[in-house]
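Let me begin by presenting the structure, written as structure tokens, before commenting on it.
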Amino acid sequence: MREEAFSGVGGRGIFRRTEVLPLQGPMDLPVVLFLLWGLLLDLLSGAVGGILYRMHEEQPPSTLIGSLAADQGLPDTGHLYKLEVGAPYLRVDGKTGDIFTTEIPIDRETLKDCRNKGKPCFLEFEVSVTDLIQNQSPRLIEGRIEVQDINDNTPQFPSPVLTLSVPENTHVGALFSIPLATDKDTERNGVADYTLTAGPEAVALFGLQVAEDRGEKLPQLIVLGSLDRERKDSYDLTIKAVDGGNPPRYSSALLRVVIADANDNAPQFEKSSYEAEVAENSPVGHSVLQVKANDSDLGPNGEIEYTLHQAIDPVPKLLRIDRSSGIIYVKGPLDYEEINNLKFYVVARDKGPSPKSSKTYVSIDVTDQNDNAPAVEIRGIGLVTHSDGVANISEDMPVGTAVALVQVSDKDEGENAVVTCVVAGDVPFQLRPASDSSVDNKRKYFLQTTTLLDYERVRDYRVEIVAVDSGNPALSSTNSLKVQVTDTNDNSPIFSPTLFEVEFAEENQPGEKVVDVVASDADSGTNAELVYSIIADSSTRGLFEIDPNSGEIRARSPLDREHKERYEFRVTAADKGVPSQKGTATVVIKVLDRNDNDPKFMLSGYSFSVLENRSPLSPVGMVTVQDMDKGENAQVQLSVEPDVGKFVIQNGTGTILSSISFDREKESSYTFRLKAVDGGDPPRSSYVGVTINVLDENDNAPVVTKPSNSSFIRLSPMAAPDSVVEVVEAEDIDSGSNAELVYSIAGGNPHDLFYITPSNGEITLTKELTRKHNGLHRLVVKVSDRGKPSRHAIALVHIYVNETIANVSHVEALVGHSLYTPLDMDIAGDPDYGLAAQRSNIGGRHRLQREAKSGYQAGKKETKDLYAPKQGPKSGKGRKGKKGKPPKSPKPLGEDEEVSLQKSLKFNLDGVNDSPRIHLPLTYPPGSPDLGRHYRSNSPLPSIQLQAQSPSLPRGLHGLIKYSADN
């Protein structure tokens with residue numbers, strides 16, 4: 001192979017000519033001349049532009065013809081080379097642009113455009129070059145390969161046996177045409193010579209002369225001697241045809257020369273050659289030309305018959321000749337575009353016994369008519385392939401992308417072949433010239449986009465291309481291409497709506513459907529196939545699942561509204577495109593309530609403590625009940641069971657109210673149940689036990705049960721210190737600290753003779769008695785409880801110190817006078833006691849007056865007397881005598897005086913004297929709540945502070961009760 005670069009004529013660019021030649025010996029001068037002639041043709045063809053390669057036919061597969069990358073100055077990377085025209089004889093390397101032969105050999109003699117032996121044979125090719133980096137519209141490279149002939153065909157005679165008739169009276173030197181041998185190769189390798197071989201009998205009679213007419217070798221038989229049919233009527237010769245190849249190829253045929261009877265004259269044509277024109281598309285039977293020959297003989301020897309001689313295809317199919325008149329008629333359809341010249345010989349032969357003939361050369365030009373509409377050929381280009389008239393182009397291709405190569409051609413000539421081509425209709429495509437080397441009757445265009453394509457808007461176009469020639473009348477033709485826009489994954493899935501809110505009842509079954517979420521994708525195919533998934537956080541992970549194909553969301557386990565009543569998570573829809581596109585939506589699930597929870601009290605049991613003496617409808621406690629459900633299912637009604645009318649409960653606040661006033665001394669505790677019923681259907685309920693502990697209020701003063709105020713005991717003057725004198729006993733029907741009693745001596749112990757144990761009321765003698773201690777001692781004992789404020793009672797303990805009691809009545813009289821003696825006056829065995837008593841009793845009864853404070857307070861010196869005696873007439877009676885003698889015993893009191901004394905000595909019992917003196921101990925469980933503190937911390941309702949109130953004390957004195965005197 002030899003490769004040379006040439007500069008195009010007129011500076012139109014560089015093109016490359018490559019020759020692929022078989023190995024041969026030293027070149028002779030004709031070969032050199034031939035190459036120089038080829039160079040001249042190359043320079044001339046450069047004016048048209050494009051690439052020209054040369055190669056011999058019949059090259060083996062994968063023979064390199066040329067390299068487009070190198071020839072066009074393009075890099076051998078980043079570009080895609082694709083053969084558009086040239087198959088099946090050529091293939092192109094997609095990366096380098098190298099052009100190679102294929103398994104199908106290039107046979108010059110079989111190529112359609114190489115039928116004319118007198119012209120070079122070209123194989124056209126087109127290669128598109130696409131820049132893969134910049135993604136530009138492809139570039140079209142056009143070129144031609146001159147297929148040079150090799151001597152691969154042998155000359156062939158029309159028949160293995162050729163018959164030639166020669167009259168017996170033919171003079172020496174006469175010439176007779178021998179049928180020609182044909183060779184499919186070009187002139188150089190075509191038939192170059194003929195040789196004739198004769199046997200001994202014929203060598204002196206026949207010879208061979210090879211003439212040349214219009215570059216064609218014409219074998220002729222020369223008569224060298226006299227012929228005598230009666231001596232021998234035929235001779236067999238061998239004729240050999242040799243081509244001009246190196247080495248030459250040849251073939252032979254038997255030439256049988258038949259000696260015919262004498263025929264003096266041969267027909268003679270009026271012209272040695274005939275030329276004519278016939279318009280293409282002329283009808284069958286149309287007369288084209290008449291040839292005419294004359295014969296001077298008479299009779300049959302002068303009658304002429306015309307035939308077509310050595311007419312090769314397609315002449316016999318297109319023309320016929322009238323055997324008698326020599327008129328040539330149209331036999332078949334003439335098409336200028338198929339063949340524009342018909343060449344053949346016409347033989348005129350007489351009808352004599354030994355016919356003689358002559359021939360003439362006929363050339364008929366077929367003239368062009370505007371009988372061909374333009375042809376619109378649409379084919380793929382670059383990366384865009386076509387299948388069944390459909391081109392597929394991706395929607396993401398840039399503007400100006402070529403989707404097809406449109407070739408418009410017209411087989412006519414001249415103005416008939418000048419074609420105008422347009423895109424019809426309103427489509428986003430246009431035609432752009434693809435090559436500068438186009439000629440009028442053959443133009444190439446890129447069909448390219450004018451705007452960006454959008455699969456989601458328009459998925460396919462029908463592009464119609466109209467071509468109109470310039471003939472008169474003009475002919476037109478159309479061709480169409482369906483451009484199918486292929487989808488790219490340029491759309492994300494879209495949820496509609498983007499927020500899915502759904503209400504879903506709790507206590508569902510596992511796997512129960514919650515909601516369907518659906519997304520759409522404007523793409524198609526796998527780009528629109530969606531896969532759904534859940535984006536879950538820690539609060540929703542594992543609770544819900546989604547069908548990846550349908551988007552159905554299901555609950556994997558039962559939901560509990562009381563645990564959580566609202567779930568929010570995101571779902572995604574991802575398409576299967578590459579790369580994948582995603583869309584998201586938010587799902588909000590509001591869990592609806594079922595009545596699946598009982599009302600629940602905050603505590604398993606309630607115990608309240610409340611002070612007695614509260615007014616009815618006072619709050620005694622508060623309970624809190626909750627129902628974890630919602631709405632009507634959580635609306636709770638409270639009631640008391642059994643409802644005996646002692647308590648009511650407020651539904652709004654849960655406050656328990658008493659319908660009664662409590663008296664702990666009558667009933668210290670109450671027990672009942674509260675029932676809570678919700679508003680569900682069916683309703684649910686629960687119970688709780690309630691204990692109301694009535695707390696004691698210090699509303700009862702102690703009551704002295706022993707000794708009686710009017711009683712006395714005798715104490716021997718010889719009693720030893722620490723001896724027990726008396727025990728004061730008292731009781732308090734209150735409880736707790738209100739019932740804890742403290743004993744004290746509040747008066748009548750000026751000599752500190754006696755001591756009382758505070759806790760048990762035991763009175764003991766503290767020291768020895770003396771003579772002055774003899775007589776009546778009145779101890780004022782105060783019995784106080786520990787309530788706040790404290791209540792107390794006064795007990796009078798009479799102790800008569802003496803060895804014996806000689807006169808009981810006298811002692812009783814002293815005790816009786818003691819009851820009328822103010823408590824702040826000591827009666828302590830004073831010998832003058834009798835006189836003082838008499839003085840104090842002058843004027844009759846004394847009146848006890850109650851101080852504003854409640855009762856006598858032991859251990860405290862009052863600012864004024866608790867009791868003041870009534871004023872009587874002043875007299876000296878009752879006073880102590882000058883000689884210190886004891887007074888006379890007072891006269892016993894009458895009934896009226898006794899009643900008056902009792903009334904004056906009666907102490908105020910604070911209005912509780914009607915209460916039975918029974919003990920009602922209260923027990924307070926360890927779990928009893930502090931009511932105020934409990935509700936301040938646990939109750940959503942306002943806390944209620946329960947405060948004890950001391951009842952007002954009735955008017956009157958505390959706790960002296962009249963006792964009958966006894967021994």
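What you see is a predicted model; the values in this text were computed from it and never measured.
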Hey, is [atom1] on [X] packed in by over 12 heavy atoms from elsewhere, all under 6.0 Å?
X    : atom1 : answer
L254 : CG    : yes
K317 : NZ    : no
Q209 : CD    : yes
E103 : CD    : no

Minimum heavy-atom separation for [X] and [Y], please, with both atom names.
X    : Y    : value
V166 : L227 : CG1-CD1, 3.5 Å
F125 : R144 : CE2-N, 3.5 Å
R249 : P155 : O-CD, 3.5 Å
A241 : Y194 : CB-CE2, 3.7 Å
I259 : D228 : CG2-C, 4.5 Å
L111 : C121 : CD1-SG, 3.7 Å

Point-to-point distance, once rounded to the nearest 0.5 Å, from [atom1] of [X] to [atom2] of [Y]:
X    : Y    : atom1 : atom2 : value
I141 : L83  : CD1   : CG    : 11.5 Å
I145 : E57  : CD1   : CD    : 13.5 Å
K359 : L218 : NZ    : CG    : 5.5 Å
Y89  : L123 : OH    : CG    : 7.5 Å
T186 : N151 : OG1   : CG    : 8.5 Å
K271 : K292 : NZ    : NZ    : 13.0 Å

Working note: L319 + V278, criterion side-chain contact (heavy atoms from CB on, under 4.5 Å); need CA distance, chi angles, decisive distance, verdict.
CA-CA 11 Å; L319 301 175; V278 59; 5.9 Å; no
Look at the side chain of T101 and the backbone N and O of T63, then say whether any donor-acceptor pair between them is shorter than 3.5 Å.
yes
Donor-acceptor pair, distance only, cut-off 3.5 Å: does the side chain of S363 make one with the backbone of E275?
no
Would you mind checking if K343 and E216 are paired as a salt bridge, meaning a charged N to carboxylate O distance below 4.0 Å?
no
Let me check something: any side-chain donor-acceptor pairs from residues 467-480 under 3.5 Å, sequence neighbours excluded? List them with distances.
from : atom 1 : to   : atom 2 : distance (Å)
D469 : OD1    : G471 : N      : 3.3
D469 : OD1    : L475 : N      : 2.7
S470 : OG     : V418 : O      : 2.9
S477 : OG     : P374 : O      : 2.2
N479 : ND2    : V376 : O      : 2.8
S480 : OG     : R462 : NH1    : 3.4

For R349 and T307, run side-chain contact (heavy atoms from CB on, under 4.5 Å): C-alpha distance rounded to whole Å, both residues' side-chain angles, the deciding distance at 0.1 Å, then the answer.
CA-CA 8 Å; R349 180 177 288 105; T307 59; 4.3 Å; yes
Kindly confirm or rule out a cation-pi arrangement of R432 over F446, judged by NZ or CZ under 6.0 Å from the six-membered ring centre and within 45° of its axis?
no
Parallel, tilted or perpendicular: which describes the rings of Y361 and Y345, with under 30° parallel and over 60° perpendicular?
perpendicular
Give the ring-plane orientation class for Y306 versus F269, where under 30° counts as parallel, over 60° as perpendicular and anything between as tilted.
tilted
Could you walk me through whether I239 and I178 satisfy the side-chain contact (heavy atoms from CB on, under 4.5 Å) test, starting with their C-alpha distance in whole Å, then the side-chain angles of each, then the deciding distance to 0.1 Å, before giving a yes or no?
CA-CA 9 Å; I239 185 167; I178 300 174; 3.6 Å; yes
C421 meets the disulfide bond (SG atoms under 2.5 Å apart) criterion, sequence neighbours left out, with none
